[in-house]
Every structure is written in C-alpha cells, then in structure tokens.
2 protein chains.
Amino acid sequence: MTTQLGVDQSIGQRLLDAAIDHFGQKGLEGASTRAIAAAAGTTMSSITYHYGGKEGLYLAAVRHIASRIGERLDPVLPASRDLTAQDSGPEAASREVLSIVDHFLEIILRPESEAWARLIVREQMGPTVAFDALYGGVMGRAIEPLSALLVRIGEGRWDDTEARLKALAIMGQALVFRVGRATLLRAAGWTDVDAEGSAAIRRVVLTQTSAVLTDRGEGVPR
Amino acid sequence: MTTQLGVDQSIGQRLLDAAIDHFGQKGLEGASTRAIAAAAGTTMSSITYHYGGKEGLYLAAVRHIASRIGERLDPVLPASRDLTAQDSGPEAASREVLSIVDHFLEIILRPESEAWARLIVREQMGPTVAFDALYGGVMGRAIEPLSALLVRIGEGRWDDTEARLKALAIMGQALVFRVGRATLLRAAGWTDVDAEGSAAIRRVVLTQTSAVLTDRGEGVPR
DNA sequence: GTCTATACTACGATAGAC
DNA sequence: GTCTATCGTAGTATAGAC
C-alpha cells in the first residue's frame, strides 16, 4: 500500500486494477509486468516500488479480489451465532441455503467476475501463497455456513464430512457456469450469457438445489 | 506424428508425455520448451522437428488427451441411434444418466487426471485453437447424450436448452471435486483423496443426481 | 515517488554440423 | 533424425537521475 490513500486512482491502485485484468486473462506466468504497467499508465519499475515485484503484485491482486467478493457475500451469509444458537427447523435452513446459492449465482454470473474467476481457478489447481487468502475470503466463507445448514436440514442423515461434500457439489452446480463458460456457450448455442440466459441458469440451479435438499434418499442406486 | 510408430517410447511420444505434464502444471505460457525437452531426454529443437514448435506441441498434447478420455468415455455413452430410435421409459433413461455420471466420476477422481484436468480448465477459460478438439472429444460427447436422456426423463417438462443446462449443472457437481481439489481438501480436512474419500464423493454426487432426476419441481422457490 | 537506462537471464526459432 | 550454436526478443530487477 502507498502512504497516500487517495480516493482518486493512485498509481498503486491503477496497477492493482490492471494486474487483476492481465493476470486473470493470461495467468501469473503469461502476463507481463511491462504490459500491466503500461495499462496502468506507468512503467514497470513502479511495480517493484509498490509491490516488490511481480509475485507481490499477484498476491495483492488475489487478496484484493478475495476481500471484494467477501464484501458482496457477507450480507447474505448467516453469522456464525445464528447457526449455533438459533434452532429453527430444516425448512428455514433450506430457504437460507437457496438464498445463499442464489446470491452466489448472482455474483458468479455477472460479467465482471470473468477476470477474477480465472485467477481463482488457477489458484485452485496450483495453489500458491495466495490460496490461503482466497479460501478464507471466498470459498470457506460460503462452504462453512452451507455445511452447517445442511447438517440441520439433514436431521441426522448426513454427518459433517458428508454435509461438506454436499455443499461443494451444490456450489459446483453453480460454478460450472462460470468455469465452463466456453462449454456452456457451445452447448447452449449462445454467443454470450444475456439476461434471459442468466435467468434460465438461475432457474435450473435453484430447482436442482431445492431437489437435493428435499430428497430423502430413496432413489440412491446400488 | 513420426513415421515410426514404435510401441516403445519414441522421442515424439516422450515429448508428448512430458508436454502434458508441463503444460498441465504451468500452462501454455508458463511451460518452457527447453524444460519439456529435457524431461523427455532430448533437446528443444526436436520439438520443432516433430511438432513444428511450441504451439504445435500444445495442440498435439490437448488432442491426445481428448482422444484418451474419449476412449474411456465411449463405452458407457449410449450411441446416438439408441437415443432417437429406442423409446424406453424415463426410468431406464435415469439409470443411464446415473451410469454416465458414475463413469465420469471414476475418470475424474483417478489421480492421473490431475495433469490433464488443468489443461482442460485452462482451455475453458481462455479457449485457444485446441478448444474444438476438446469440446468434440470430451465435453460435447458427454453433454449431448446426457441432454437427450434428460429430455426423455423430463417428459415434456424441460425443453432442449433447459435439458442442456441441467446436464451441465450435473456435470458441475462432479467436476468441482477435480477442479476445486484444493478447496475440497481444505474443507474436508483431508490431505488427499483416498479410496474412502472417493467412495464418499461418489455417494454424494450420485445421490444428488438421482434427486435431481426424480424431482417433479414442486419445491421451486418464488 | 516516479521514470530512464541498463544489466542479466531465459525464452522460442532457426541454421547447420553430424 | 538429432544435436550444437546462435540470433532476436522479452522477461525481471536494479541503480541512479529528477
């Protein structure tokens, strides 16, 4: 961080924005510091000054993303006290799960999420020092409360690990529409995901999530 | 391809294996031709000779992966004739969907899939010339029959696009356990996915898929 | 604080020896 | 066919001017 916390685009801030863009599109190795600096209207050496180098800038970019998503996600996540103290029934818990998934979808489907989605997925498959910030700020923040809600919904049918796996699978239903965007477009015959497309995706994911929550498990194979 | 199709590791073959490994771990830009050549026990210039350059080697690696997965997937996919001609009921179609998902999971969860999973996901988020080979060989090959089966299962409730979105969401439930591996390990508190873990994942995904298929949509929110 | 100039390393491509 | 040698480019880092 610079000592100057100017509201209007400081050089450090412009570098960060450009970094998210470039790292997201070309990855850590693919992006060039000169190109990032040029996009921010400055030169490469200011990256060294502000962030200590390419890796430092990358870490800062991931942390920035994590906190931004965290901000968006927080208002809809039940605080931890609600999960332990309050003992509302599985129906209320189900509604809460659907609300979380819905907001998660809303965040995921907006066009701006494309840049940072790439960063997150890359981090998933080859975790660097930045992964901790990402898990704590995004993935874990959603999975923990979801798992707790699922345990309540399951009413003893699912243990803690099983609930976490279920939470991940539910998130996967939503995430595939961002991570597998190229396949989505090809499979649906779309050129982009417009408002109508988003609504259709939202309908499908919420319907399937609802089905998963109300299922009593009679249809299990073998 | 070399003129010599030696069963035992030709240089072209060794280059291909090394390429899948390196490109998978560091991406197209991140991997270096010298390192790949060294791993294959040869020098950089043989890449030019055999594949015309770095891009050619990358394309060959992706195509190789696509055909290998296609081989594994093909036996369990219903041939297209079965989907149009035969008119078995939704129950048979449901069993077929579960079988496809199960085999898909089996492929996805095996440790060897880690290397090429990275390649595929990178291609998803920044499609290059190799994407066509990948969609035709892997993603499309699974989604098309799945969608057709879902249309039959839905019995008029879902149109073609909706069925494709549902197919993608179902695949997403499985894919998240490969793509989000780092989050999975962290959330479940595992150090790796052992046989027991795989079984638990398989149980969860198949149960949820089954729930989605049998759902009649009464629980839809709003 | 920010930029210019420069040092050094590694990349991919290619020409030519064997 | 495979390797060595070399070229041009682009990467990060750093010292120093302003």
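We use all heavy atoms of the structure for the numbers below, so side chains are in, but hydrogens, waters and symmetry mates are not. So you know, we letter chains A, B, ... as the sequences are listed, proteins then strands, and number each from 1.
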Self-check item: Sub-4.5 Å side-chain heavy-atom contact between A:Phe23 and A:Lys54
Solution: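 Yes - at least one pair of side-chain heavy atoms lies under 4.5 Å apart.
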Quiz item: Any side-chain heavy-atom pair from B:Leu77 and B:Leu146 closer than 4.5 angstrom?
Solution: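 B:Leu77 does not reach B:Leu146 side chain to side chain.
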Exercise. Ignoring backbone atoms, test whether A:Thr48 places a side-chain nitrogen or oxygen under 4.0 Å from the OP1 or OP2 oxygen of D:dT14.
Key: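 For A:Thr48, the contact criterion (side-chain N or O under 4.0 Å from OP1 or OP2 of D:dT14) is not met.
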Quiz item: Does a side-chain N or O from B:Tyr49 land closer than 4.0 Å to OP1 or OP2 of D:dG1, or not?
Solution: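 True: B:Tyr49 side-chain N/O within range (under 4.0 Å) of D:dG1 OP1/OP2.
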Provide, to the nearest angstrom, the distance between the [atom1] atom belonging to [X] and the [atom2] atom belonging to [N].
X: B:Ile47; N: C:dT14; atom1: CD1; atom2: C1'; answer: 14 Å
X: B:Tyr51; N: D:dT2; atom1: OH; atom2: P; answer: 11 Å
X: B:Gln13; N: D:dG1; atom1: CD; atom2: P; answer: 17 Å
X: B:His50; N: D:dC3; atom1: NE2; atom2: P; answer: 9 Å

If you take any heavy atom closer than 4.0 Å to DNA chain C, which residues from [range] end up in contact?
range: residues 19-27 of chain B; value: none
range: residues 32-42 of chain B; value: B:Ser32, B:Thr33, B:Arg34
range: residues 53-60 of chain B; value: B:Gly53, B:Lys54

Practice problem: Classify the nucleic acid contact of B:Thr43 as base, sugar-phosphate or nothing, counting any heavy atom under 4.0 Å across all strands shown. | Solution: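 Touches a base.
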Quiz item: Would you call A:Glu162 and A:Lys166 a salt bridge, using N to O less than 4.0 angstrom?
Solution: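 Not counted as a salt bridge, because no side-chain N and carboxylate O are separated by less than 4.0 Å.
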Quiz item: Has the side chain of A:Ser45 got a donor or acceptor that lies under 3.5 Å from a partner of the other kind on the base of D:dT14?
Solution: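 Answer is no: no donor-acceptor pair is held.
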Self-check item: Side-chain donor-acceptor pair present, B:Arg14, B:Thr42, cut-off under 3.5 Å
Solution: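 Side chains of B:Arg14 and B:Thr42: no pair found under 3.5 Å.
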Exercise. Tell me which nucleotide among D:dA15, C:dT14, D:dA13 gets nearest to the side chain of A:Met44.
Key: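 Nearest listed nucleotide: D:dA13.
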Self-check item: Sidechain-backbone polar pair: B:Thr33 side chain, B:Met44 backbone, donor-acceptor under 3.5 Å
Solution: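 Such a contact is absent between B:Thr33 side chain and B:Met44 backbone.
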Quiz prompt | A:Arg122/B:Arg122 under side chain to side chain contact (heavy atoms under 4.5 Å, CB included): CA gap, chis, key distance, verdict | solution = CA-CA 8 Å; A:Arg122 278 180 210 271; B:Arg122 277 180 208 270; 2.8 Å; yes
